[in-house]
Amino acid sequence: MMAWMIPHFRIERLDEVDSTNSYARALAEAGAPDGTVVVAERQTAGRGRLGREWHSSGDFGLWFSLLLRPEFEPQFAGMLGIAAGVAVVQSMRSLVGARAVLKWPNDVLIDGRKVCGILSEGRTVGQKLEWAVIGVGINVTAPEGGFPPELENVATSLAQHCAADIGAPAPDKEALLDSVLSQFGARYAMLSSGNVRAVRDEAEELMRSFLNRRVTIRGQSGTMEVRTLDLSEDGALLVELDGGEVAKITAADVSIGTRACARGELDA
Ligand code: BTN
């Protein structure tokens, strides 16, 4: 078997862009290589999942997108966003001891509030994943004037955690980016060498507080109350329906009580 190396990332830095994901998608279509990273200080039209806006018009966060050209089967594409979530959680834990956890598929929460969101997009042609763009948005500090009212109770920043728990400022964005890229690179190498299980197991461990819970799932076929079980081999969420039947969720809105939503999907 070919030995997979941790990729070398080539970073393109922008002061302002509409969305690093849109920019990276254009680079992908123009043939840019695996490992291209686009980082922007500000986004004028940052995108979240489900067509939502991602609040990133200032330099209070780390906004970047990774362009990847994975060699593995498209079936495992969903693991890329999960690997990015794992990389963010492990970085926050190791850099500042944050109590960061993962919520399926790849939201990062501290004390129940969202500190990072991930938007995965891609193009599959036949049986090949042509490219994937994994966009990562981390609230490093709170925006000037605070989060807008609709996010006030669901969002947090790494700085808020650092101030409250370790009495120190948040790590600088460069250190955070370095760490997330190196943590992600290690998991990407695992996925590329066929060791999907190790990444899945690690993600499941970081999602433990979200598993075995009653949640509400909103999908195309309506809303369901289910109990979360665990992750499938390809990163889908396994849930138990009321009749005891087990279902596999690949793309849905999931909410625990009134907390923030998540959706797992790789959509072009
Ligand atoms: C979510 O809804 O939770 C996903 C948010 C993803 C935001 C990041 S910021 C960098 C990249 N560029 C975008 O336009 N979105 C992603």
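Just so we're clear, the structure is a prediction, and the values are computed from it rather than from any experiment. Just follow the structure's listing: the first ligand is 1, and inside any ligand the first atom is 1. If you read the sequence from its start, that first residue is 1, and numbering goes on from there.
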Within ligand 1, which atoms have a heavy atom of T20 less than 4.0 Å away?
10 (C), 11 (C), 12 (N)
Heavy atom of S56, distance to ligand 1 below 4.0 Å
no
Relative to atom 15 (N) of ligand 1, which among R47, E53, R49 owns the nearest non-hydrogen atom?
R47
Taking the side chain as every heavy atom from C-beta outward, state whether Y188 and D34 have any pair of such atoms under 4.5 Å apart.
yes
For ligand 1, which is the ligand I care about here, please tell me if S19 has any N or O atom under 3.5 Å from one of the ligand's N or O atoms.
yes
Cationic N near anionic O, under 4.0 Å, R52 to E150
no
Of all the atoms in ligand 1, which lie at a distance below 4.0 Å from a heavy atom belonging to G137?
8 (C), 9 (S)
Please tell me if the side chains of E225 and V239 come closer than 4.5 Å, counting only heavy atoms from C-beta onward.
no
Is the closest basic N to carboxylate O distance between R123 and E130 below 4.0 Å?
no
Going by heavy atoms, is R52 under 4.0 Å from ligand 1?
no
Close side-chain approach of L177 to F64, heavy-atom, < 4.5 Å:
yes
Which word best sums up how the rings of F60 and F147 line up, parallel for under 30°, tilted for 30 to 60°, or perpendicular for over 60°?
perpendicular
In terms of atom number and element, which parts of ligand 1 are under 4.0 angstrom from non-hydrogen atoms of S65?
11 (C)
Using a 4.0 Å heavy-atom threshold (strictly under), name the region of S22 that reaches ligand 1: side chain, backbone, both or neither.
neither
Carboxylate-amine/guanidinium proximity below 4.0 Å for D59 and K173
no
Out of all atoms in ligand 1, which are within 4.0 Å of some heavy atom of G46? Include the element for each.
14 (O)
Under a 4.0 angstrom heavy-atom cut-off, which atoms of ligand 1 come close to G48?
1 (C), 2 (O), 4 (C), 5 (C)
Taking R25 first and then E29, would you say they form a salt bridge - that is, a charged N and a carboxylate O separated by under 4.0 Å?
no
How does K114 reach ligand 1, by side chain, by backbone, by both or by neither, if only non-hydrogen atoms under 4.0 Å count?
side chain
